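Right, one structure below, let's go through it.
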Amino acid sequence: MSVVATVEIPAREFTLSAMLAANPDTEVRLVRVVPLGTTFVPYVRASGGSVDAIERALRAEADVESFRIVDRENDETLVRVEWAENVGGLLGAIVETGTSILRGVGSGETWTFRLRFDDQETLTAFHRECRERGVTLDVLRVRSRGPDGDGSALTDVQRETLRLAVERGYFEVPRQTSLVDLAAELGVSDTAVSQRLQRGLAGILHETEHLYLGGDRRD
């Protein structure tokens, strides 16, 4: 069973740190990460900062072999970046353990990543690699991902209860149903329904606040 983890590292310890240091208001997102042998070819989207400033920052990165400005729209710049071989730090640990980058975003003094591992043993190996490479890794969240699941923060029971509550109008104003009615339909106590709803909503909020790394959320 694969494992999905959300981790943070100080921006200064990850390549592309110069892009953030050059402009504190800049946000950098890994839009697409494609494995290529022992390195990566990602597309990076930077919001804020001029093209000149972004180019200067990329030239200062030792791990960047080459780059090309692909598009510029409003204040966002899309860049294709090719890493040098034998990258170090976090990227080196990712290459060494065969870890997949699902999402990544850097802003201010922090880079946050959502990573997928083949199993718990691979996550452990990745953590060990980061420690040996001097990477300050903060693991925010770890969860298993089944063969047909999406790694949701919700349990099946919580999802079922929330779905029923929405369908019956529990979240409407005014409410169209009550906890007692939902409990009767589910065959459990109203206290159990209340707990499922609270924990389910807390899981969704946690997912939104800690697992959003750019590209998918809509305001």
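Note that this is a predicted model, so its numbers are computed, not measured. Every heavy atom of this structure was used, including side-chain atoms; hydrogens, water molecules and symmetry mates were not.
Between the side chain of Glu61 and the backbone N or O of Ser17, at least one donor-acceptor pair lies under 3.5 Å. Listed for the Gln176 side chain is a donor-acceptor partner under 3.5 Å among the backbone atoms of Pro174.
Proximity of Leu78 to Tyr43: side-chain heavy atoms (C-beta onward) are separated by under 4.5 Å at one or more points. You'll find the side chain of Val28 stays beyond 4.5 Å of the side chain of Arg45, heavy atoms only. Under the 4.5 Å side-chain criterion, counting only non-hydrogen atoms from C-beta, Glu82 is in contact with Arg80. Side-chain contact check for Ile101 versus Arg116: every heavy-atom pair is 4.5 Å or farther apart. Residues Leu91 and Phe14 meet the side-chain proximity criterion, which asks for heavy atoms closer than 4.5 Å. Put simply, the side chain of Leu162 reaches to within 4.5 Å of the side chain of Phe171, judged on heavy atoms. Considering only heavy atoms from C-beta on, Asp181 stays 4.5 Å or farther from Tyr170 through its side chain.
Looking at Leu123, Asp118, Thr122 one by one, the single match for side chain to side chain contact (heavy atoms under 4.5 Å, CB included) with Gln120 turns out to be Leu123.
The heavy-atom pair separating Cys130 from Ala93 by the smallest distance is SG-CB, 3.8 Å. When all heavy atoms of Thr15 and Trp111 are compared, the pair lying nearest together is O-NE1, 4.2 Å. Smallest separation of non-hydrogen atoms from Ala11 and Gly108: CB-O, 4.0 Å. For Thr136 against Pro10, the heavy-atom pair with the smallest separation is O-CD, 3.3 Å. Contact record, Thr6 with Arg114: OG1-CG, 4.2 Å, taken as the closest heavy-atom pair. Taking each heavy atom of Arg133 and Gly88 in turn, the nearest pair found is NH1-CA, 4.1 Å.
Between the side chains of Gln198 and Ser194, a donor-acceptor pair is found at a separation under 3.5 Å. Counted by atom type alone, Thr177 and Arg168 present zero donor-acceptor pairs between their side chains at under 3.5 Å. Between the side chains of Arg72 and Thr77, at least one donor N or O lies within less than 3.5 Å of an accepting N or O. Donor-acceptor pairing under 3.5 Å is lacking for the side chains of Thr110 and Glu8.
The environment of CD in Glu167 is crowded: more than 12 heavy-atom neighbours from other residues, nucleotides or ligands sit within 6.0 Å. Counting heavy atoms of neighbouring residues, nucleotides and ligands inside a 6.0 Å radius, atom CD of Glu109 does not exceed 12 of them.
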Dump the intermediate steps for side chain to side chain contact (heavy atoms under 4.5 Å, CB included) on Val135 and Ile9, then the final yes or no. CA-CA 7 Å; Val135 178; Ile9 67 169; 3.8 Å; yes
How far apart are the C-alpha atoms of Ser47 and Glu76, what are their side-chain angles, what is the distance that settles it, and do they pass the side-chain hydrogen bond (donor to acceptor under 3.5 Å, both in side chains) test? CA-CA 4 Å; Ser47 59; Glu76 289 197 337; 4.8 Å; no
Hey, mind stepping through Phe126 and Glu96 against side chain to side chain contact (heavy atoms under 4.5 Å, CB included) and telling me if it holds? CA-CA 8 Å; Phe126 169 78; Glu96 184 67 25; over 6 Å; no
Could you walk me through whether Val193 and Val188 satisfy the side chain to side chain contact (heavy atoms under 4.5 Å, CB included) test, starting with their C-alpha distance in whole Å, then the side-chain angles of each, then the deciding distance to 0.1 Å, before giving a yes or no? CA-CA 7 Å; Val193 173; Val188 297; 3.6 Å; yes
Set out, in order, the CA-CA distance, both residues' side-chain angles and the distance that settles salt bridge (charged side-chain N to carboxylate O under 4.0 Å, His left out) for Arg29 and Glu27, then state yes or no. CA-CA 7 Å; Arg29 286 178 285 143; Glu27 180 181 88; 3.6 Å; yes
Evaluate side chain to side chain contact (heavy atoms under 4.5 Å, CB included) for Leu186 paired with Glu160, printing each intermediate quantity in order. CA-CA 9 Å; Leu186 291 168; Glu160 175 191 5; 3.8 Å; yes
Evaluate the side-chain hydrogen bond (donor to acceptor under 3.5 Å, both in side chains) criterion for residues Thr97 and Thr99: first the C-alpha distance (whole Å), next the side-chain angles of each, then the deciding distance (0.1 Å), finally the verdict. CA-CA 5 Å; Thr97 57; Thr99 299; 2.7 Å; yes
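Between atom CZ of residue Arg103 and atom OG1 of residue Thr112 there is a gap of 12.5 Å, rounded to the nearest 0.5 Å. Rounding to the nearest 0.5 angstrom, the gap separating the CG atom in Leu179 from the OG1 atom in Thr191 is 8.5 Å. Residue Arg196 holds its CZ atom at 10.5 Å from CG of Leu182, rounded to the nearest 0.5 Å. The CZ atom of Phe113 sits 13.5 Å away from atom OG of Ser100, with the distance rounded to the nearest 0.5 Å. With rounding to the nearest 0.5 angstrom, the CG atom of Leu16 is 7.0 Å from the CG atom of Leu30.
Residues Ile69 and Val81 share a hydrophobic cluster, clusters being chains of Ile/Leu/Val/Met/Phe/Trp/Tyr side chains in contact below 4.5 Å. Leu137 and Val142 fall within a single hydrophobic cluster, where Ile, Leu, Val, Met, Phe, Trp and Tyr are joined by side-chain heavy atoms under 4.5 Å apart, directly or via other members. In the hydrophobic clustering of ILVMFWY residues, with side-chain heavy atoms under 4.5 Å counting as a link, Leu164 and Val157 come out apart.
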